[in-house]
Q: 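Let me give you the structure first, and then I'll get to my questions.
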Amino acid sequence: MKPELQRRIQRYGWDKAAEYYENCWQEQLKPAHDLLLEVSNIQRHEHIIDIAAGTGLITFRMAEKIGPLGQILATDISDEMVKIGNQLALTGGFETVKFERMDAEHLLCDDEKFDLATCALGLMYFPDPDASLAEMFRVLKPGGRAVTAVWGSRKKCGWAEIFPIVDARVNTDVCPMFFNLGESEVLKYPFENAGFKNITLSRIETKLIYTSDEEACTASFMGGPVAMAYSRFDEVTKEEAQKEYLKSIKPFKTENGYEIPGEFVICSGIKP
């Protein structure tokens with residue numbers, strides 16, 4: 001898939017998903033977010049860029065740590081995510097947070113501006129992860145940190161069949177390289193290529209808890225990366241896709257819903 005097309009699909013896909021994203025994924029992604037924030041070691045008054053921030057699931061948690069003299073620029077490729085993020089910042093009284101629509105591979109920021117760059121579960125969607133890490137390196141001050149989280153190995157993510165199920169019903173791959181960065185120590189390579197030092201990598205396994213078929217399907221089809229493709233299906237196709245997905249996660253069904261295995265990988269580096 002051409003990078004321009006992939007970016008366009010991601011942009012409009014996340015516009016579709018924005019309404020459902022927080023409710024569908026906040027608790028499921030919390031283990032990754034918790035570890036990312038721990039590794040980030042955020043200090044008061046720091047200036048942070050949060051890339052692919054979505055509606056601010058980690059942005060506002062970081063804002064509570066930096067105090068009134070800190071500042072966070074939260075970027076996302078989706079207009080709807082940015083709109084919701086700025087609304088939440090306004091209603092929550094987070095004067096230190098600003099959301100802007102921006103391509104992660106072309107950050108519209110000055111060199112050496114930030115103390116910390118974060119990217120929570122966004123890097124695997126970018127056409128060129130190396131370019132995005134190079135941009136993080138550029139906008140960080142010397143001694144600044146970059147911390148990213150991605151989904152782990154495909155074989156440890158029980159919901160992974162969502163992609164071939166959707167791909168079988170559309171003409172293009174939705175997320176062709178989604179799990180690549182989560183395999184082995186692959187995530188270290190773009191950090192190294194960008195020039196980061198003291199690179200560390202952590203891996204955690206978790207369970208995605210859903211209480212019903214409807215909740216599991218809403219999260220996967222309407223609150224995530226396949227939302228745009230799914231929105232174009234007719235009702236019969238939607239029903240068929242949901243049935244196939246529920247069959248794929250049947251091994252993880254419990255008396256109370258689903259406990260679907262997942263894995264996250266967190267990588268960090270320091271700009272010398």
Q: Would a distance-only check, ignoring hydrogens and angles, find a side-chain to backbone donor-acceptor pair under 3.5 Å from Thr91 to Gln87?
A: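 Yes: the side chain of Thr91 pairs with the backbone of Gln87.
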Q: Does the side chain of Arg101 reach to within under 4.5 Å of the side chain of Ile77, using non-hydrogen atoms?
A: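 With C-beta onward as the side chain, the pair touches.
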Q: Which atom pair, heavy atoms only, marks the closest approach of Ala104 to Ile51?
A: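 Distance-wise, the nearest heavy atoms are CB-CG2, 3.5 Å.
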Q: In a check of salt bridge (charged side-chain N to carboxylate O under 4.0 Å, His left out) between Glu263 and each of Lys156, Arg154, Lys155, which one passes?
A: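 Among the candidates, only Lys156 passes.
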Q: Please work out which of the three classes, parallel, tilted or perpendicular, describes the rings of Trp159 and Phe179, given edges at 30° and 60°.
A: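 Judged by the thresholds at 30° and 60°, the geometry between Phe179 and Trp159 is tilted.
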Q: Any carboxylate oxygen within less than 4.0 angstrom of a Lys/Arg side-chain nitrogen, looking at Glu100 and Lys98?
A: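 Salt bridge: yes.
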Q: Do Phe126 and Arg7 pass the side-chain contact (heavy atoms from CB on, under 4.5 Å) test, and can you show the C-alpha distance, the side-chain angles, and the key distance before you say yes or no?
A: CA-CA 7 Å; Phe126 305 159; Arg7 291 187 192 95; over 6 Å; no
Q: Would one find more than 12 heavy atoms of other residues, nucleotides or ligands at under 6.0 Å from atom NZ of Lys16?
A: no
Q: I'd like to check Ser78 versus Val82 (side-chain heavy atoms, cut-off strictly below 4.5 Å). Are they in contact?
A: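 Ser78 vs Val82: side chains apart.
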Q: Please identify each residue that fulfils side-chain hydrogen bond (donor to acceptor under 3.5 Å, both in side chains) with Asn180, with sequence neighbours left out.
A: none
Q: Sorted by first residue and then second, give each ring pair (Phe, Tyr, Trp, His ring centres under 6.0 Å) pair with at least one member in residues 68-93; sequence neighbours left out.
A: none
Q: Is a donor from one side chain sitting under 3.5 angstrom from an acceptor on the other, for Tyr12 and Glu80?
A: no
Q: Are Glu185 and Arg203 close enough for a salt bridge, meaning some N to O gap below 4.0 Å?
A: no
Q: Taking all atoms of both residues into account, what is the closest heavy-atom pair of Lys113 and Lys141, and its distance?
A: O-CE, 3.4 Å
Q: Keeping to residues at least two apart or across chains, list the ring pair (Phe, Tyr, Trp, His ring centres under 6.0 Å) pairs with something in residues 240-272.
A: Trp151-Phe264, Phe221-Tyr245
Q: Has the side chain of Asp115 got a donor or acceptor atom that lies under 3.5 Å from a matching backbone atom of His47?
A: yes
Q: Are Leu208 and Glu259 side-chain neighbours, meaning at least one heavy-atom pair lies under 4.5 Å?
A: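 Contact flag for Leu208/Glu259 side chains = no.
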Q: Any carboxylate oxygen within less than 4.0 angstrom of a Lys/Arg side-chain nitrogen, looking at Lys243 and Glu239?
A: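 Answer for the salt bridge query: yes.
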Q: If only atom types and distance count, is the side chain of Ser40 paired as donor or acceptor with the main-chain N or O of Ile42 below 3.5 Å?
A: no
Q: Which word best sums up how the rings of Phe196 and Phe137 line up, parallel for under 30°, tilted for 30 to 60°, or perpendicular for over 60°?
A: perpendicular
Q: For the pair Arg169 (side chain) and Ile165 (backbone), establish whether a donor and an acceptor sit closer than 3.5 Å, ignoring hydrogens and angles.
A: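 Here the side-chain-to-backbone pair exists.
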Q: Check this for me, if you would: do Lys253 and Asp213 make a salt bridge, where the nitrogen-to-carboxylate-oxygen distance has to be below 4.0 angstrom?
A: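 Asp213 and Lys253: salt-bridged.
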Q: Considering residues at least two apart in sequence or located in another chain, which fulfil the side-chain hydrogen bond (donor to acceptor under 3.5 Å, both in side chains) criterion with Asp128?
A: none
Q: Taking it one step at a time, do Ser153 and Glu183 satisfy side-chain hydrogen bond (donor to acceptor under 3.5 Å, both in side chains)?
A: CA-CA 5 Å; Ser153 173; Glu183 299 292 347; 3.1 Å; yes
Q: Of all residues at least two apart in sequence or in a different chain, which pass the side chain to side chain contact (heavy atoms under 4.5 Å, CB included) check with Ala53?
A: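 For Ala53 the side chain to side chain contact (heavy atoms under 4.5 Å, CB included) partners, ignoring immediate neighbours, are Asp50, Thr59, Ala74, Phe99.
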Q: If we only count heavy atoms from C-beta on, is the Leu187 to Leu201 side-chain gap below 4.5 Å?
A: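 With C-beta onward as the side chain, the pair touches.
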Q: Using only heavy-atom distances, determine whether the side chains of Thr55 and Glu22 contain a donor-acceptor pair under 3.5 Å.
A: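 Short answer, yes.
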Q: First locate atom CG of Asp111, then atom CD of Glu135, and finally report the distance between them rounded to the nearest 0.5 Å.
A: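 Answer rounded to 0.5 Å: 8.5 Å.
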Q: Between Arg138 (side chain) and Leu107 (backbone), is there a donor-acceptor pair under 3.5 Å?
A: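 Answer holds: yes.
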Q: Report yes or no: do Ile209 and Trp25 belong to one cluster of Ile/Leu/Val/Met/Phe/Trp/Tyr joined by side chain heavy-atom distances under 4.5 Å?
A: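 Cluster IDs for Ile209 and Trp25 differ.
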Q: My understanding is that only residues two or more places apart in sequence, or in another chain, count here; which of them pass salt bridge (Lys or Arg N to Asp or Glu O under 4.0 Å) with Glu214?
A: none
Q: Determine whether a donor-acceptor pair (N or O, by modelled atom type, separation under 3.5 Å) exists between the side chain of Glu19 and the backbone of Ala17.
A: no
